[in-house]
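Let me begin by presenting the structure, written as structure tokens, before commenting on it.
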Amino acid sequence: MANNAKWYVLHTYSGYENAVKAAIEKSVANRGLEDMVQKMEIPMETVTEVTEAGVMKEVERKVFPGYVLIKMVLTDDTWHLVRNIRGVTGFVGEANKAIPLTEEEVAALGVEKHEIVVLYHVGDTVKITEGPLASFTGVVEEIEPEKNKVRVVVSMFGRETPVELELDQVEVLP
């Protein structure tokens with residue numbers, strides 16, 4: 001059942017995000033529901049602020065004040081557990097129905113990172129496994145793991161053409 005966990009958005013009183021997260025974690029631990037309520041995130045960003053004295057300092061700031069992201073299996077028990085925490089005003093959704101985030105929304109928020117192990121290096125000959133150029137071979141020119149991109153130079157119609165692909169769309173040739 002723990003495989004059915006999805007990300008939901010909780011609405012809280014502004015400024016209560018950390019207290020809500022701590023209270024839910026404590027309640028989950030007390031009831032032994034760690035497999036049902038798996039993870040919670042309060043998305044933060046680092047911004048540079050200039051003080052009145054003209055001094056620049058980096059500050060951590062909540063990306064979505066008043067919201068907590070929670071990965072859980074939604075059942076009547078978990079719904080009531082979360083809804084009865086002080087500071088929680090409800091789930092984001094319609095009426096009393098919580099609506100989970102889509103895979104694209106989760107990826108855009110960056111709360112779940114899918115690590116891709118790259119088994120090739122710049123200069124290696126690779127085969128493209130997906131997309132319109134599947135089965136073409138080329139040489140790796142550049143790898144950008146933080147952007148999930150690799151640039152491969154492919155020979156098409158007698159010309160060397162650089163192609164930008166995702167890291168998992170190519171595999172090293174033996």
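Every heavy atom of this structure was used, including side-chain atoms; hydrogens, water molecules and symmetry mates were not. Residues take their numbers from the sequence shown, with the count starting at 1.
- Ile143 and Val153 fall into different hydrophobic clusters, where Ile, Leu, Val, Met, Phe, Trp and Tyr are joined by side-chain heavy atoms under 4.5 Å apart, directly or via other members.
- Between the Glu17 side chain and the Gly66 main chain, a donor and an acceptor come within less than 3.5 Å of each other.
- Distance alone, capped at 3.5 Å, is enough to place a donor-acceptor pair between the Thr129 side chain and the Gln169 backbone.
- Within 6.0 Å of atom OH in Tyr120, more than 12 heavy atoms from other residues, nucleotides or ligands are found, so the atom counts as buried in its surroundings.
- A distance-only check finds no donor-acceptor pair linking the side chain of Asn84 to the backbone of Leu81 [under 3.5 Å].
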Inset, instruction - Start with the C-alpha distance between Leu101 and Leu69, add both sets of side-chain angles, then the distance that settles side-chain contact (heavy atoms from CB on, under 4.5 Å), and finish with yes or no. - result: CA-CA 10 Å; Leu101 295 173; Leu69 304 174; 4.2 Å; yes

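- Tracing side-chain contacts under 4.5 Å through hydrophobic residues (I, L, V, M, F, W, Y), one never reaches Ile99 starting from Val106; they form parts of separate clusters.
- Neither side chain, Glu58 nor Thr46, offers a donor N or O lying under 3.5 Å from an acceptor on the other.
- In plain terms, the two heavy atoms of Val63 and Met44 that are nearest each other are CG2-C, 3.7 Å.
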Inset, instruction - List the steps, then state whether side-chain contact (heavy atoms from CB on, under 4.5 Å) holds for Val170 with Val140. - result: CA-CA 10 Å; Val170 299; Val140 176; 5.6 Å; no

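- Ile85 and Ala23 make their closest contact through CG2-CB, 3.7 Å (heavy atoms, listed as atom of the first residue, atom of the second, distance).
- Side-chain contact between Arg31 and Met36 is absent, with no heavy atoms from C-beta onward closer than 4.5 Å.
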Inset, instruction - Please assess Lys149 against Glu166 for the test side-chain contact (heavy atoms from CB on, under 4.5 Å), listing each intermediate value before the final yes or no. - result: CA-CA 5 Å; Lys149 298 287 181 195; Glu166 292 186 10; 4.2 Å; yes

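- With contacts defined as side-chain heavy-atom distances shorter than 4.5 Å, the pair Met40/Lys71 does not qualify.
- Lys62 is listed as a side-chain neighbour of Ile42, based on a closest heavy-atom distance under 4.5 Å.
- Heavy-atom minimum distance, Val50 versus Met56: CG2-CG, 3.9 Å.
- The closest side-chain heavy-atom distance from Asn30 to Val28 is not below 4.5 Å.
- The distance from the CG atom of Leu10 to the CZ atom of Arg83 is 9.0 Å, given to the nearest 0.5 Å.
- The two residues Thr78 and Thr75 make their nearest non-hydrogen contact at OG1-N, 2.8 Å.
- Counting only distance, with no hydrogens or angles, the side chain of Thr89 and the backbone of His11 share a donor-acceptor pair below 3.5 Å.
- Taking the centre of each ring, Phe64 and Tyr67 stay at or above the 6.0 Å mark.
- Separating the CD atom in Glu171 from the CD atom in Glu130 is a distance of 10.0 Å, to the nearest 0.5 Å.
- Val126 places none of its side-chain heavy atoms less than 4.5 Å from the side chain of Thr137.
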Inset, instruction - Determine, step by step, whether Phe136 and Met156 satisfy the side-chain contact (heavy atoms from CB on, under 4.5 Å) criterion, reporting the C-alpha distance in whole Å, the side-chain angles of both residues, the deciding distance to 0.1 Å, and the verdict. - result: CA-CA 9 Å; Phe136 273 75; Met156 287 193 296; 3.6 Å; yes

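- Between the side chain of Ser155 and the backbone N or O of Gly158, no donor-acceptor pair lies under 3.5 Å.
- Here the side chains of Lys21 and Glu25 are in contact, with some heavy-atom distance below 4.5 Å.
- In this structure, the side chain of Thr12 does not engage the main chain of Val88 through any donor-acceptor pair within 3.5 Å.
- Trp7 places a side-chain heavy atom less than 4.5 Å from the side chain of Glu41.
- No continuous path of ILVMFWY side-chain contacts below 4.5 Å connects Val139 to Leu167, so the two sit in separate hydrophobic clusters.
- Scanning both residues, Lys127 and Ser135, for their nearest heavy atoms gives CE-CA, 3.9 Å.
- Here the side chains of Leu165 and Val163 are in contact, with some heavy-atom distance below 4.5 Å.
- The shortest heavy-atom contact between Tyr8 and Ala98 is CD2-CB, 3.8 Å.
- Aromatic ring pairs are classed by plane angle as parallel below 30°, tilted from 30° to 60° and perpendicular above 60°; the pair Trp79 and Phe91 is parallel.
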